Amino acid sequence: MPEGNIIHRVARVHGRWLSGRRFTADSPQGRFGDGARVVSGRVLQAVEAHGKHLFYRFEGEVRLHVHLGLFGNIRHFRSEAPAPSPACRLRLSSPHATLHLSGPQACELLTAEDEAKLRARLGEDPLRAESSPERAREKLCRGRMPLALALLDQERLSGVGNILRAEALFLARLPPLLPAGALSEADFARLWDVLQRLLSDASRDGHIVTPGAPRVPECVAGRKRAERFCVYGREGQPCPRCGAKVRRRELAARGLFFCAECQGVDAVPRPRVAKKKARAVQEKRRGAR
DNA sequence: TTCCGATGGCCAC
DNA sequence: TGGCCCTCGGAAC
């Protein structure tokens, strides 16, 4: 479930338990065989997260870049590890810790230059200590792109996924379709603050729980996902703030959840991209029936 | 128990 | 714009 909070948590946990150890590496699935041979026998020195990207640095300037994408899964074992699944792209093994990576979108070795280029492309990450709200505002708040699309653009802001965008826009009471360039300084400050709080709490706790969600958790484990959020995945259910029905709209082929009452949605014109996409999706669905 | 859709983002066409 | 990666939670049965 990889939004920025999970990736930062993984980096922290792996940094704590895996760095300083010498690993043998292999690729049970076979697709990272050459890379695994390069990594094998080296000591892991550091693990870092930037947005949704993970960077593992091994001795000898060997750099491993991992992006989990939608299906990626990464597990670590501090005691005896189970046999890897046939889909396991990369296994890092040491006597005391093992890592299994499967289904990643990216698992590749990068030169220092490649890594610097990739990271230069990424927008400000609200979870990184050196992130600057001024730079973030500069990148996020330009042009006519709807705010909800701009938030998912990792070159503007990195680490925000579909859940966080819905919950952050809801908490900041912002219309998702407002052109990014029209966001006021005060509105941006509120949004940045909300994003930092949501991401850091979620990174600490291991899951996103939006303040004000329908049921405040005594125990989050076992609670249905939709109960942890105010609007995400709650189409047709009452807004926890005003009771109006939560709405869902397709925007660039992704579900966008919001409370029209709380977020003043009707005050903002629909962008053409949303109409076009929505029509295409409707037609596709009609065809499938 | 089975099946579907999605918390992403790159690439080929 | 569709395909790919091939996981996982939750709905449907």
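We name chains A, B, ... by the order of the sequence lines, and we start the count at 1 in each one. Treat the numbers as computed from the prediction; the structure is a model and nothing was measured.
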Expected rows: protein N/O vs nucleotides 9-13 of chain B N/O, under 3.5 Å:
residue : atom : partner  : partner atom : Å
B/dG9   : O4'  : A/Gln105 : OE1          : 2.8
B/dG9   : O4'  : A/Gln105 : NE2          : 3.2
B/dG9   : N3   : A/Gln105 : OE1          : 3.1

A/Ile163 CD1 to B/dG5 C1': how many Å, rounded? 13 Å

Please check this pair: side chain of A/Gln105 against backbone of A/Leu70, looking for a donor-acceptor N/O pair closer than 3.5 Å. no

How about A/Leu164 and A/Asn5: do any of their side-chain heavy atoms sit closer than 4.5 Å? yes

Here the distance between atom P of C/dG10 and atom CD of A/Glu235, to the nearest Å, is 17 Å

Specify the separation, in whole Å, of atom CZ of A/Phe71 and atom P of C/dC4. 11 Å

To the nearest Å, give me how far apart CG (A/Leu70) and C1' (B/dG5) are. 9 Å

P spacing across the pair B/dC11 / C/dT7, given as an integer number of angstrom: 22 Å

Taking atom CZ of A/Phe58 and atom CZ of A/Arg22, what is their separation to the nearest 0.5 Å? 11.5 Å

What's the CD-P distance between A/Gln237 and C/dA11, to the nearest Å? 10 Å

For A/Phe257 and B/dA6, what is the distance between atoms CZ and C1' respectively, to the nearest whole Å? 10 Å

Does NZ or CZ of A/Arg241 lie under 6.0 Å from the centre of the six-membered ring of A/Phe170, at an angle within 45° of the ring axis? yes

Distance flag, aromatic centroids of A/Tyr56 and A/His65, threshold under 6.0 Å: no

Rounding to an integer number of angstrom, what distance separates B/dT2 and C/dC6 when you compare their P atoms? 22 Å

With a non-hydrogen cut-off below 4.0 angstrom, is A/Arg165 in contact with a base, only sugar-phosphate, or nothing? nothing

Within less than 4.0 Å of OP1 or OP2 of C/dC6, is there a side-chain N or O belonging to A/Arg89? yes

Could you check whether A/Arg91 makes a cation-pi contact with A/Phe32, meaning its NZ or CZ is under 6.0 Å from the centre of the six-membered ring and within 45° of the ring axis? no

Expressed in angstrom and rounded to an integer, what is the separation of A/Ile74 atom CD1 from C/dC6 atom P? 14 Å

Protein-nucleotide distance (A/Phe32, atom CZ; C/dC6, atom P), rounded to Å: 14 Å

Does A/Glu108 reach a base, just sugar-phosphate, or nothing at all? Heavy atoms under 4.0 Å. nothing

To the nearest 0.5 Å, tell me how far A/Arg135 CZ sits from A/Glu124 CD. 4.0 Å

